[in-house]
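None of the values given here were measured: they were computed from a predicted structure.
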Amino acid sequence: MDAGAAHLQLETVQELYRKVALIRRFEDRVYRLFLEGEIPGTLHQYQGQEAVAAGVCSTLRIDDWITSTHRPHGHALAKGVNTSEAMAELYGKATGCCGGKGGSMHLGDPAVGMLPAIAIVAGGNTIVTGLGLAMKLRKSDQVAACFFGEGATNEGAFHEGLNFSAVEQLPIVWVCENNLYGASTPYGRVSLVPDVAERAKVYGIPSQIVDGMDAVAVREASAAAVEHARNGGGPTLLECKTYRFTGHSRSDARGYRTREEEQEWAKRDPLIVLAARLDEATVARLEAEVKAELDEAVEFARNSPDPDPATALEHVYA
Amino acid sequence: MPEAAVATRRLTIAEALREGIAEEMRRDPEVFLIGEDIGVEGGFGGAFGVYLGLPEEFGHERIIDTPISEKVIAGAAAGAAMLGMKPIADMQYSDFLFECMDELVNQAAKMRYMSGGKVSVPMVMRAPVGMTLRGAQHGQCPESYFIHVPGLKVVAPSDAYHAKGILKAAVRDPNPVLIFEHKLLYGSKGREAAGGMDLTAEVPEEDYTFPIGQAVIKRAGSDVTVVATHVSLYRALAAAETLTADGIECEVIDPLTLQPFDTETIFGSVRRTGRLVIVHEDTLTGGWGAEVAACVADECLDYLEAPIKRIATLDVPAPAAPVLEQRILPQEQTIVETIRRLVG
Ligand SMILES: Cc1ncc(C[n+]2csc(CCOP(=O)(O)OP(=O)(O)O)c2C)c(N)n1
């Protein structure tokens with residue numbers, strides 16, 4: 001590798017570390033703020049899976065689109081939703097990216113190519129075909145990526161979406177985050193086919209199993225899939241093997257899995273995997289940047305006004 | 001309510017439902033449970049813990065953890081019911097019923113009729129409703145979609161005694177029955193939302209059912225009839241207490257069943273009070289309150305001394321922010337003020 005390429009790669013790793021750290025520290029803070037009663041509602045958190053969102057979104061343009069799930073915080077930050085506005089949305093504030101109407105499960109911002117997240121499991125898997133269809137019909141070179149969990153692959157919508165994307169050769173990257181459990185249910189109990197990648201093949205869609213704890217590996221696989229889609233090659237499915245470090249939602253005691261299993265996956269923490277490619281000073285600098293960004297986000301959210309109650313009646317119709 | 005001589009204890013709705021399900025499973029080996037995350041070891045016992053402890057007694061053959069496949073949950077329940085089994089299906093949130101509208105509306109509801117009465121579909125579907133700061137896709141009250149479907153029965157219990165009794169009646173009913181329960185009423189957590197009222201109820205030790213299609217007068221009164229379910233029922237009861245200071249006596253009725261609706265109890269009450277207020281957490285337009293209002297206008301017009309009033313969630317999706325949610329929900333104060341204007 002020549003010096004230029006090595007430098008480029010180092011910059012990429014730093015960018016990825018920054019994103020992964022931003023999501024991790026955001027989530028850890030949000031959890032604390034939730035326990036302290038500052039953030040209402042419920043939370044489905046993303047710690048452990050950050051490499052997937054960061055890796056995939058690092059290969060997308062701002063005018064490419066993503067769909068997301070009930071666990072959208074990481075996707076939102078990775079796609080570029082403003083950190084302060086994402087935080088304010090969790091606080092239910094007027095300045096949130098959805099004006100306080102969406103909340104944790106519907107984070108998003110069309111300005112950066114993210115539909116408000118869809119909290120119906122596999123709900124995005126049909127909607128994204130419409131995004132892809134619009135891109136194809138308009139002959140644009142945009143791409144749509146659909147994030148979903150392995151649990152979603154047992155919904156009819158998953159299969160209908162895959163098949164349609166194949167026959168129409170839509171510019172879609174299907175990103176399955178296989179974190180082994182759908183809520184409390186181990187995937188092995190609800191599918192006799194352990195690899196979601198296998199399911200894509202029967203619809204004629206190329207697929208690949210990716211190390212979902214390594215943002216660089218995710219980025220490489222995603223870059224190829226995005227380029228393929230952008231050049232009219234049709235959809236690809238990436239199955240990112242990953243793990244959620246937290247419970248399914250904020251009140252989950254995780255009795256359905258072992259602490260040993262958790263410790264094994266913790267060794268492959270996406271932050272550790274990336275930090276191994278960077279020097280300590282760089283990591284410290286990036287962490288400091290992230291901390292400053294989050295301090296500002298929390299201040300912004302705290303100091304923002306509640307929505308005017310009258311706005312509850314707005315936005316039902318145009 | 002149970003006779004004084006019968007041994008009872010106070011149970012939450014979750015406890016009463018769990019007991020009712022266990023009793024029906026012991027009574028009839030053809031009863032089984034099917035749904036997501038209901039029986040996994042170390043799991044949740046269903047989204048609201050209703051099934052905790054049941055797998056230990058009944059095993060995984062009769063407590064079937066499905067993939068995330070609502071069409072299969074409703075379809076498998078309906079199909080097994082068509083062969084005479086008695087499935088109790090579980091939907092984690094009622095919002096997900098829209099995933100299996102075909103199985104419920106086109107299949108389960110119509111099979112008896114299409115077959116000229118030859119095929120029964122004795123299935124039960126339980127589904128939690130209500131806004132709890134989770135936004136637009138986890139806070140709906142979709143009862144009214146289903147009362148529109150001939151062939152489906154729809155019940156909406158609000159206390160432990162009736163929840164258990166009507167669940168047991170539903171399991172034994174030869175028709176598909178949807179049971180809508182409110183998330184805030186399962187345990188003690190919802191107390192605040194329900195106006196600080198005790199949500200437990202006396203539940204007899206012995207076997208009983210409560211009939212589908214029968215309303216209950218929760219509080220007798222002579223000035224106005226208030227019909228309400230779930231959290232709105234507790235808000236109506238609290239409003240009724242407040243209004244006694246104004247010398248207004250509310251008759252508060254829990255309809256319990258929304259289809260077939262016990263119109264006779266409502267008509268009888270309206271004939272005495274001359275006024276009707278309906279309160280529900282479903283949105284206003286096309287909500288079940290509209291159907292009740294139409295029936296009462298049809299039958300009791302001569303008795304009415306004031307227009308029928310409906311108090312419901314405003315016609316918008318559920319927002320996430322607390323101030324917005326509070327803005328659109330039917331509030332106790334609104335009930336109080338509406339009744340004051342009506343009676344004053
Ligand atoms: C249609 C539908 N069914 C059920 C649920 C309840 N639910 C929310 S998340 C979840 C598990 C999803 O698992 P998976 O798709 O693997 O995503 P993960 O939670 O692991 O990110 C379930 C069952 C839902 N939101 N939507």
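Of the residues considered (A:T153, A:D308, A:D252), A:D252 shows the highest number of contacts with chain B, using heavy-atom pairs under 4.5 Å. Top candidate by heavy-atom pairs under 4.5 Å with chain A, chosen from B:R327, B:R134, B:Q326, is B:R134. Heavy-atom pairs under 4.5 Å with chain A peak, among B:Q92, B:K71, B:E99, at B:E99. With respect to chain B, the highest number of heavy-atom pairs below 4.5 Å among A:T311, A:D306, A:I118, A:I120 belongs to A:I120. Options A:A119, A:G103, A:G96 differ in how many heavy-atom pairs under 4.5 Å they form with chain B, and the most are formed by A:A119. Ranking B:D95, B:L133, B:I68 against chain A, the residue ahead of the rest is B:I68, based on heavy-atom pairs under 4.5 Å. The candidate with the highest count of non-hydrogen atom pairs below 4.5 Å against chain B, out of A:C98, A:A312, A:G156, is A:A312.
Contacts from residues 82-92 of chain A to chain B, taken as heavy-atom pairs separated by less than 4.5 Å, involve A:G92 in sequence order.
Only the backbone of B:A318 comes within contact range of chain A, with heavy atoms under 4.5 Å apart. In this structure, no portion of A:R257 lies under 4.5 Å from any heavy atom of chain B. At a 4.5 Å heavy-atom cutoff, the contact between B:E70 and chain A is made by backbone and side-chain atoms alike. Looking at A:V316, the atoms closer than 4.5 Å to chain B (heavy atoms on both sides) all sit in the side chain, from C-beta outward. When heavy atoms are compared at a cutoff of 4.5 Å, B:L314 approaches chain A solely by way of its side chain, counted from C-beta outward.
When the shell of 6.0 Å around NE2 of B:H60 is examined, it contains more than 12 heavy atoms from other residues, nucleotides or ligands. Within 6.0 Å of atom CD in A:E36, more than 12 heavy atoms from other residues, nucleotides or ligands are found, so the atom counts as buried in its surroundings.
For the pair A:G247 and A:R71, the tightest heavy-atom approach, listed with the atom from each and the gap, is O-NH1, 4.3 Å. Closest non-hydrogen pair, A:G212 versus A:V52, comes out as O-CG2, 3.6 Å. Nearest heavy-atom pair, B:F180 versus B:H230, reported as atom, atom and distance to 0.1 Å: O-NE2, 3.0 Å. Taking each heavy atom of A:L237 and A:A200 in turn, the nearest pair found is CB-CB, 3.7 Å. Residue B:A136 comes nearest to B:Q140 through the heavy atom pair O-NE2, 3.5 Å, listed as atom of the first residue, atom of the second, then distance.
A salt bridge links A:R259 and A:E262; the closest N-O separation between the charged side-chain nitrogens and carboxylate oxygens is under 4.0 Å. A salt bridge between A:E299 and A:R302 is present, with a side-chain N of the basic residue lying under 4.0 Å from a carboxylate O of the acidic one.
The aromatic ring centres of B:H182 and B:Y234 sit 6.0 Å or more apart. Annotation: B:F32 is not in aromatic contact with B:F58 [ring centroid separation under 6.0 Å not met].
Remark: the A:N154 side chain and the B:S69 side chain contain no N/O donor-acceptor pair separated by less than 3.5 Å.
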